[in-house]
Amino acid sequence: MNDLSNGAVMNRKWTVEAVEALFALPFNDLLFRAQSVHREHFDPNAVQLSTLISVKTGGCSEDCGYCSQSARHDTALERQQLLDVAEVVAAAQAAKAQGATRFCMGAAWRGPKDRDLEPVLDMVREVKALGLETCVTLGLLKPGQAARLKAAGLDYYNHNLDTAPEFYGQVVTTHTYDDRLDTLGQVREAGIHVCCGGIVGMGESRRVRAGLIAELASLDPQPESVPINRLVKVAGTPLAAEADLDPLEFVRTIAVARITLPRSHVRLSAGRRSLSEAEQALCFLAGANSMFYGDKLLTTGNPDVAADEALFAKLGLRPEPVQEGARRCAGHD
Ligand code: SAM
Ligand code: DTB
Ligand code: SF4
């Protein structure tokens, strides 16, 4: 055990080398192991559905190399100030009617100012009152802000580590890995469920992917939710011309996350539009049991609902009821 000053505890249960060894397994052995672990902890045919909305879009001070919303990249994205609470609630009602159980509100901020937080607290309260699980992703938090979010009824805070520590500085220079760990510690301390994952396909090596997973798996307690994003290449960002990550390497990343984070929901997140149905099916076989549902992510597209319904019918998958997610999370908190 190695206690970090910021409150996140790293148990180093998984070393980078041990995670690399999982990545190196023959594909069939890796998938069999991942599916076996998956069945020990979850219904293998249920997938948790989250719908995203961007409540404040673009003009972000940070320089994250993958992001359409950084003010430092010329991405032709239309900026949008904070949405009205009523507009957000209407979108949440529509998401619930379509079958989502969690509503995730994202803001393009380095972090919220205290005065920015007030309307977001109203959004959380009203979305929660609809019977949806609530999630926000607002960037770096200042002391006290997580407790206010918790008091408003926030269930999950999304804050990704995104990549391995040694690669982070090649992707983002305006904040540090430790800044991110500090916010994760504050979220955990406030009693909010942690949603923390990363992006692959940014030109990183397999060792870097293993480093990201080792870092996520070493958070103690492990995050309840782990989004694995496949880079969506946005014109005008520094990573726009990056080579595609082999889909089978993406499937391996999901499988390794499932094995090392056995009780977490592993989310097949951004990038589904660039995966075939068969590749997505392999991700579910590898242990993904959550995904974004609805035609849009934050600023980019997602498969439409009709296509996802058809995919679920072909694979015999069904949406995970909200109670099940709540019960399982309560079980390992
Ligand atoms: N500003 C906040 C932050 O950085 O934490 C919240 C919003 S940010 C858009 C949330 C996450 O979306 C990022 O950490 C990253 O993992 C993911 N993301 C952003 N742009 C992406 C892209 N082009 N492809 C894949 N994932 C992306
Ligand atoms: C996460 O890990 N992926 C989501 C959510 N958390 C906030 C965001 C994906 C964004 C993809 C690019 C976009 O639409 O702007
Ligand atoms: Fe994009 Fe978030 Fe980075 Fe801002 S902090 S540029 S919104 S990923």
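First listed ligand is number 1; within each ligand, the first listed atom is number 1. One is the number of the first residue; the rest follow in order along the sequence.
Of all the atoms in ligand 1, the ones that sit under 4.0 Å from a non-hydrogen atom of V232 are 22 (C), 23 (N), 24 (N), 25 (C). Contact atoms of ligand 2 toward L298: 7 (C), 8 (C), 13 (C), 14 (O), 15 (O) (distance under 4.0 Å to a heavy atom of the residue). The distance from ligand 2 to the heavy atoms of P227 drops below 4.0 Å at these ligand atoms: 2 (O). Numbered from 1 in the order shown, with element, the atoms of ligand 1 that lie under 4.0 Å from a heavy atom of L298 read 9 (C). Using a 4.0 Å cut-off to heavy atoms of W109, the atoms of ligand 1 that qualify are 1 (N). Less than 4.0 angstrom separates some heavy atom of A108 from each of these atoms of ligand 3: 7 (S).
Counting only heavy atoms, the protein never gets under 4.0 Å from atom 8 (S) of ligand 1. Checking atom 23 (N) of ligand 1 against the protein gives a heavy-atom contact under 4.0 Å. For atom 1 (Fe) of ligand 3, the protein comes within 4.0 Å by at least one heavy atom.
The nearest N, O or S atom of C64 is closer to atom 3 (Fe) of ligand 3 than 2.8 Å.
Taking the ring centre of F312 as origin, the terminal cationic atom of R318 falls outside the region bounded by 6.0 Å and 45° from the ring axis.
With a heavy-atom cut-off of 4.0 Å, D162 touches ligand 1 through its side chain alone. Only the backbone of A107 comes within contact range of ligand 1, with a heavy atom under 4.0 Å; no side-chain atom does.
Protein heavy atom nearest atom 4 (Fe) of ligand 3, with residue, atom name and distance: C60 SG, 2.3 Å. From the protein, the heavy atom lying nearest to atom 2 (C) of ligand 1 is G139 N, 3.6 Å. Remark: minimum distance from atom 12 (C) of ligand 2 to any protein heavy atom is reached at T300 OG1, 3.6 Å. Looking at atom 8 (S) of ligand 3, its nearest protein heavy atom turns out to be Y66 OH, 3.5 Å.
At under 3.5 Å, a nitrogen or oxygen of R180, whether backbone or side chain, sits near a nitrogen or oxygen of ligand 1. Residue-to-ligand polar distances keep N158 apart from ligand 1: every N/O pair is separated by 3.5 Å or more. Taking any N or O of Y66, backbone or side chain, at least one lies under 3.5 Å from an N or O belonging to ligand 1.
At least one heavy atom of N160 sits closer than 4.0 Å to an atom of ligand 2. Every heavy atom of Y66 sits 4.0 Å or more from the atoms of ligand 2. At least one heavy atom of S68 sits less than 4.0 Å from an atom of ligand 2.
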Query - Step-by-step ring-ring contact (aromatic ring centres under 6.0 Å, His included) determination, F42 to H265 - result: CA-CA 9 Å; F42 291 102; H265 277 79; 4.9 Å; yes
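With atom 1 (C) of ligand 2 as the reference point, the heavy atom nearest to it among T137, I228, N229 is part of N229.
Counting heavy atoms from C-beta on, the side chains of T237 and C67 never come closer than 4.5 Å.
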